[in-house]
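Each ligand, and each atom within it, is numbered from 1 in the order the structure gives. Heads up: numbering here begins at 1 and tracks the sequence.
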Amino acid sequence: MKPIDFRSDTVTKPTPAMRRAMADAEVGDDVYGEDPMVNRLQERVAERLGLEAAIFVPSGTQANQIAMGLHCRPSDEVITEVGSHIVQYEGGALSALWGIQPQGLPGERGLLTAAQVAEAVRGENIHAPRSKLLSLENTHNRGGGTVWPLERFQSVVEAARKAGLAVHLDGARLFNAQMATGTPASAWAKLTDTTSVCFSKGLGAPVGSALAGSAALIREAQRLRKRLGGGMRQAGILAAAALHALEHHVDRLAEDHANARRLAAGLAELQGVKVEPARVETNILLVEFTRPASEMVSRLATLGVLLNATGTHTARLVCHLDVSASDIDEALTRIRKALES
Ligand SMILES: *Cc1c(COP(=O)(O)O)cnc(C)c1O
């Protein structure tokens, strides 16, 4: 029985064509700036995001944390949504690495309003940390793969600018937002000072993320990457996978979105699980089981369906490159069996 793995879009394996691109990569020492594939990737990412420059890094966490270090000094504050990746899933890096304090605002499936941001910014006051940065996430993971409508994003960024804040976008799944809306990734990114993107999520590369911004910020980012131990040598082997992903795996994200909708529609027919198909915007699907989520996760694992619990009764399913439309139908059969037994 082939397991169908909905735990994350990080579980994808490189395709044979991607492995060939990696094997054929021309390489050099990237710490000296001499790796042609890394240089090409950085240029392509900057172009796609409408920003001046970009830097290749090992992980999305490192891309985000370099941005935090660029924009804030110890005791400064980053304003963000309370469920954001930088707060929930980066090992306490904000405080451990930079001495930054987060102010997490409650979002609407991960999205904030301009009024919320304007109200959260601290005035000049010796009691308060200095608000320096607004950090947003598109698509929003904990929100359920939510896309930021461009106008709402613009208004929130404008509120931050008015208060003198820098803006970072965690765009781990920004290309999912692009494919879901037809709006180019650059439309969001060019409104920001820095934007990160991941190649190892739905794009299917084994390793790697990038941070884009102005040439001056990215020069400083090279120092912070080195400090964090992220200076890699013949990294072109990895950059080749990311380049291949950018060329061949962006448009196909639409299939993952269609599969997530197909899965939601199928689950909506079943007893013992609640879903809101209308809320499935991209490749992430949040569900609520009548039975405890931990019980459903282990019951489903024995039937070859893998997913992650997110709460006592809630779980997340993520569609990706290694889940096909027929896998969705097979998964629905297995899930029905688990719910009925
Ligand atoms: C996965 C992810 C990241 C980066 O994660 P890494 O595992 O460090 O590459 C950042 N932000 C969001 C929203 C993510 O989903």
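Screening Thr192, Asn64, Asp193 against His168 for a side chain to side chain donor-acceptor pair (under 3.5 Å) leaves a single residue, Asn64.
Shown here are the side chain to side chain contact (heavy atoms under 4.5 Å, CB included) partners of Ala172, two or more places apart in sequence or in another chain: Asp170, Cys198, Lys201. The ring pair (Phe, Tyr, Trp, His ring centres under 6.0 Å) search around His313 returns none, not counting sequence neighbours.
Looking at His140 and Glu81, their side chains do bring a donor and an acceptor atom within 3.5 Å of each other.
Pairs passing the ring-ring contact (aromatic ring centres under 6.0 Å, His included) check and including a residue from residues 216-245, sequence neighbours excluded, read His244-His248, His244-His249.
Remark: side-chain polar atoms of Thr146 are paired, donor with acceptor, to backbone N or O of Arg109 under 3.5 angstrom.
Closer than 4.0 angstrom to ligand 1 sit non-hydrogen atoms from Ser59, Gly60, Thr61, Asn64, His85, Glu137, Asp170, Ala172, Arg173, Cys198, Lys201.
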